[in-house]
K.L.:
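Dropping a structure here in structure tokens format, bear with me for questions.
Remember, predicted model here, so these are calculated numbers, not experimental data. Chain identifiers are assigned alphabetically (A, B, ...) following the order of the sequence lines, protein sequences preceding nucleic acid strands; residue numbering begins at 1 within each chain.
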Protein chains: 4
Amino acid sequence: MNPRSKSERPLKERLREAVRGEILAAAQRVFGLRGLGAAKMEEIALAAGVSVGTLYNHFEDREALLQALLDEKRQKSRARLDEVLERTRSAPFREQLTEFLRATVENFIEHRALFTMLAEDEMRGGKGRLRSQAALKEVTARYQQLVDRGLEQGALRPQDSALYAPLLLGFLRGLFMQSTWDETLPLSPELVESMVRIFLEGAGTRT
Amino acid sequence: MNPRSKSERPLKERLREAVRGEILAAAQRVFGLRGLGAAKMEEIALAAGVSVGTLYNHFEDREALLQALLDEKRQKSRARLDEVLERTRSAPFREQLTEFLRATVENFIEHRALFTMLAEDEMRGGKGRLRSQAALKEVTARYQQLVDRGLEQGALRPQDSALYAPLLLGFLRGLFMQSTWDETLPLSPELVESMVRIFLEGAGTRT
Amino acid sequence: MNPRSKSERPLKERLREAVRGEILAAAQRVFGLRGLGAAKMEEIALAAGVSVGTLYNHFEDREALLQALLDEKRQKSRARLDEVLERTRSAPFREQLTEFLRATVENFIEHRALFTMLAEDEMRGGKGRLRSQAALKEVTARYQQLVDRGLEQGALRPQDSALYAPLLLGFLRGLFMQSTWDETLPLSPELVESMVRIFLEGAGTRT
Amino acid sequence: MNPRSKSERPLKERLREAVRGEILAAAQRVFGLRGLGAAKMEEIALAAGVSVGTLYNHFEDREALLQALLDEKRQKSRARLDEVLERTRSAPFREQLTEFLRATVENFIEHRALFTMLAEDEMRGGKGRLRSQAALKEVTARYQQLVDRGLEQGALRPQDSALYAPLLLGFLRGLFMQSTWDETLPLSPELVESMVRIFLEGAGTRT
DNA sequence: CATGAATGAGTCTTCATTCAT
DNA sequence: AATGAATGAAGACTCATTCAT
């Protein structure tokens, strides 16, 4: 009944978690700075303030570290979308759509480097792509939920409705990549208003 | 006078061009198959039916070979867009837009792997990104030409018009990437009709 | 308190130094055996009993390893000359000169292969030549110190005195190279006596 | 009895000789500029205005080209020394020595790069060293002839006389190398006077 | 003979991973 | 559990030499 016994394990675990967090944070910085292919384990270790060996005490190998990092990011993104979906459940569709896109855009602005990494990861073969596809399915499902609500509310036309979710998603993905190089396209939250208007009303002068 | 004089020089040049072509074709296959980072010079040489050394007789280094390949592709894409732009000069805007998007989509379907490579190249640092940005500017300019015609014809609303070109482009880019993993989104030419309709008329029930 | 604390750090450092020493010794053998241009990193690693990678953990690249080796040699040579210069400070000039030349000759006999490497390094372009020139300046300065003492003592004629230092140095360098191929010219310490006599008194029958 | 038959062969031969000369001249430039190890066959061909293949039509391989170049140089040097030896046969020894050294120095000034190449070649293993040693023997023999004349004339002391030839030769070699890096040691013909005086009379204040 | 593209063995260098301390 | 030196397979690139035209 040593009183330390109660806290000792959690202490060690908390320390271990702290190191893991440092490593992930360092990995994010280095992968973002150098690119997924060029980032070196040694530099990540240096940035995390640990030795290379420690990296391997916490993660199976380089790929596992990368996927852990990306998975964490994907999960946070999903959670944020879920939160918006939940919060705006009873709002008018236009507002739901605006809020949803705004959340996505803000999410992107906040973690621009990570989105780039996610995209880059998708372009490579191997496990990364599989996880990306799985993650994509989940995100698409949330967009589909949004679209379904629009259809239920009668705010969206049934025609072409199967396209709406992938279109919105592709729409955003394309904009993100575009904005990475084209600085004349500022990813301001105001942009969302225009996106919503064009999606709902079109760009043409006639219906 | 010498009958050989007419053909001799071109002969060697043609041979050289033929080998260069073989190498580029092999590079396209291997880079596409393995990814930009994982493709090995040795495999490219093998696929081209030449030795490694020959690769370096035709291209400065690995990066130069890759960029030559991508540049060639970018140029062909631009040429195709120019051709459509020219051919539909006097057609109604909706038709111009449809043709333009259809050309882009067909182009993509035909060279799917290369688009992936172009996208992947953009995600890496270095010269590749610079060339991508330059190429992107040229493509965006062509989309802007199309949009300008729509505005002149009164077929597009001036509001948000600055967004139209990047939006259309981002739109397509996003769809292409999406379609790479999502097989429920077939990139059929028919898709273009829906895209045009949504862009011009919107997805909402009210204009 | 911890008894290890006193020795632990030095232990790893000593180990590291030991490996570095092994590598330098192996490099000396292999560079000497094969020549500066033909020595292979793999053979050096083999000779040192380590793997190629370890070579690069201790030295930036092949050239850095070579220069580290030569620098070490140059420094030891300078130290030896300084020691003689100091020890014979108050002796008659003829004895100083004899001791100084004897030290140089013995140094050469002892590390013949390295002198060859130093000479070979000087003939190549790049950083090697610069370091050689810098080292040469320092050695020449020591010869100049010796000559200055001779002049102060009135043992050397002021006429042509500017030539004495480079002449003595060139003299020895030439003899060393000569002796490398001409086995009829044994670089015995006795040779030094003759050299001193000829330098001081000349070879002619009349003054 | 075609009249061309008399000149046709010599014509072809003369052309062939001309090409060979161009190649050797180009090789001299490139080997001198890049160093014996770094000079590339392609650059030599370019400098000679021929194709690489032609290099191999005239010389067995790279080493043969290099040795042909050096042999040519060695032979010219020997011829010059022989000429001086012959011309000054009946002059006083001091004049003979002065002329001989002057010829060597001028020879060096004129073909500085080649001397560097000769020296560099000696430092490498293989056939080059053997040819160098052979050539050195011949040059030493000429120096020995000169020394013998000095002894016959009673102008040189018999003591240490076996050293004189190698000493003079080493003397010059060292000076040449020295002058390559030390620009405070100009290899002017005037230098020869001092060299002769020091060799004959010594640098000491007493004989 | 000249040409110059093709060849491919040979080297350096990198870096993820291991493991003794 | 942390450390960081050692490992060695892998891959880009070089360049002397060959040979079909």
K.L.:
Let me know the distance between CG of Leu65(B) and C1' of dG11(F), rounded to the nearest Å.
P.N.:
15 Å

K.L.:
Would you call Arg74(D) and Asp121(D) a salt bridge, using N to O less than 4.0 angstrom?
P.N.:
yes

K.L.:
Give the B/S/- string for nucleotides 13-20 of chain E, one per nucleotide from 5' to 3', where a protein heavy atom under 4.0 Å of the base yields B, of only the sugar-phosphate yields S, and otherwise -.
P.N.:
BBSSBB--

K.L.:
Side chains of Leu69(D) and Met117(D): does their closest heavy-atom pair fall under 4.5 Å?
P.N.:
yes

K.L.:
Between atom CZ in Arg14(B) and atom P in dG4(E), what is the gap in whole Å?
P.N.:
17 Å

K.L.:
Respond yes when some side-chain nitrogen or oxygen of Arg16(B) is under 4.0 Å from OP1 or OP2 of dG4(E), and no when none is.
P.N.:
no

K.L.:
Between dT3(F) and Ser51(A), is there an OP1 or OP2 to side-chain N/O distance shorter than 4.0 Å?
P.N.:
yes

K.L.:
Using whole Å, report how far CZ of Arg20(C) lies from P of dA6(F).
P.N.:
13 Å

K.L.:
Between the two ends of the helix from dA2(E)-dT21(F) to dT21(E)-dA2(F), what is the bend in degrees, rounded to 10 degrees, where each end axis spans five pairs?
P.N.:
0°

K.L.:
Flag yes if more than 12 heavy atoms outside Gln75(B) fall under 6.0 Å of its CD atom; otherwise flag no.
P.N.:
no

K.L.:
Are Leu65(D) and Leu24(D) close enough that some pair of their side-chain heavy atoms sits under 4.5 Å apart?
P.N.:
yes

K.L.:
Distance-only criterion, 3.5 Å: show the donor-acceptor pairs between side-chain atoms of residues 37-44 of chain A and protein atoms not counting sequence neighbours.
P.N.:
{"unit_1": "Glu43(A)", "atom_1": "OE1", "unit_2": "Arg34(A)", "atom_2": "NE", "d": "3.0"}
{"unit_1": "Glu43(A)", "atom_1": "OE2", "unit_2": "Arg34(A)", "atom_2": "NE", "d": "3.1"}
{"unit_1": "Glu43(A)", "atom_1": "OE2", "unit_2": "Arg34(A)", "atom_2": "NH2", "d": "2.9"}

K.L.:
Can you measure Ile23(C) atom CD1 to dA5(F) atom C1' for me and round it to whole angstrom units?
P.N.:
11 Å

K.L.:
Between dA1(F) atom P and His58(A) atom NE2, what is the distance in whole Å?
P.N.:
8 Å

K.L.:
Is the shortest heavy-atom distance from the side chain of Glu17(C) to the side chain of Arg20(C) under 4.5 Å?
P.N.:
yes

K.L.:
Begin with the C-alpha distance, continue with both residues' side-chain angles, and end with the deciding distance and a verdict on side chain to side chain contact (heavy atoms under 4.5 Å, CB included) for Gln67(C) and Phe59(C).
P.N.:
CA-CA 10 Å; Gln67(C) 290 305 326; Phe59(C) 301 94; over 6 Å; no

K.L.:
Can you find a pair of side-chain heavy atoms, one from Lys73(A) and one from Leu118(A), that are under 4.5 Å apart?
P.N.:
yes

K.L.:
Whole angstroms only, please: what is the CD-P distance between Glu43(D) and dA16(F)?
P.N.:
11 Å

K.L.:
Taking C-beta and beyond as the side chain, do Arg16(D) and Val19(D) meet within less than 4.5 Å on heavy atoms?
P.N.:
no

K.L.:
CG of Leu46(B) versus P of dG8(E): gap in Å, rounded?
P.N.:
11 Å

K.L.:
Expressed in angstrom and rounded to an integer, what is the separation of Leu55(B) atom CG from dG11(F) atom P?
P.N.:
15 Å

